[in-house]
Amino acid sequence: MHLTPDQVIFFQYGAIKINLTIVTTWIIMAILVAISMQATRGLKPGRNPGRWQNFLESILSYTRSQLRDLGVDKPERCLPLVVTLFLFISASTLSGLVPMVEPPIGSLSTTAALAVCVLLSVPIYGIASRGVGGYLHRYVEPTWVMLPFNITGEISRTIALAVRLFGNSMSAAMVVAICLSIAPLFFPIILRLLGLLTGLVQSYIFAVLAALYIAAGTRAQR
């Protein structure tokens, strides 16, 4: 039993490794891109949209309203990032149902990369919304003494994002593996379904936290 899909290596040349995490991640990305291209094919602006276009537009409208309720000034800017994070984490969780496939979010490298994306997106959206000076001023509010604490808070919440997602995914996989060795019938199936539900909830929480961090960055010096 291995703790992370990083330990399953298909190819290695020096420091370059192609492991199960990378392969599964790229397969999920390709599937999501293919589904997105197929789902958005034939969409067109104007009157009399089809049922499928009405359905997609209603989902996007609901998501924009949710982001606006979270405090995001211009939800259209961060909507692609937040939705992409949710879809990728959800697809990664669902990939665990496929035999011989381990979710890439069971790797700390994957969850850390997602958390770094959120970390970098906060100043990008913050500067785009408030300017360089307005965004940087948030680090010295209410006084310059808070500068190291605010920077530490940015880093610590990024670590918390990565560890939370990784811990939930790895713990669910380990519990199922242990139960399979003890009672290999229906009980592990129930735990697998509960783990799937937990993973979907974690994907929603990750996306919401990303939106909240972006909202905090864009509200600098308001």
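What you see is a predicted model, and the numbers here were worked out from it, not measured in a lab. One is the number of the first residue; the rest follow in order along the sequence.
- Counting only N and O atoms by type, the side chains of Ser90 and Ser203 include a donor and acceptor under 3.5 Å apart.
- For the residue pair Tyr135 and Arg130, the shortest heavy atom distance occurs at N-CB, 4.2 Å.
- Using modelled atom types, no side-chain atom of Ser107 and backbone atom of Pro104 make a donor-acceptor pair closer than 3.5 Å.
- In this structure a side-chain-to-backbone donor-acceptor pair under 3.5 Å is present from Ser58 to Phe55.
- Between the side chain of Asn19 and the main chain of Ile9, no donor-acceptor pair closer than 3.5 Å is present.
- At least one donor-acceptor pair closer than 3.5 Å links the side chain of Thr84 to the backbone N or O of Pro80.
- Under the 3.5 Å distance criterion, the side-chain polar atoms of Thr111 are matched with a main-chain donor or acceptor of Ala162.
- Residues Arg68 and Val72 fail the side-chain proximity criterion, which asks for heavy atoms closer than 4.5 Å.
- Heavy-atom contacts from other residues, nucleotides or ligands closer than 6.0 Å to CZ of Phe10 number more than 12.
- Linking Ile, Leu, Val, Met, Phe, Trp and Tyr residues whenever their side-chain heavy atoms come within less than 4.5 Å leaves Met146 and Tyr213 in two separate clusters.
- You'll find the side chain of Leu81 reaches within 4.5 Å of the side chain of Ile214, heavy atoms only.
- Residues near Leu119 contribute nothing to a hydrophobic cluster around it, because no ILVMFWY side-chain heavy atom sits closer than 4.5 Å to its side chain.
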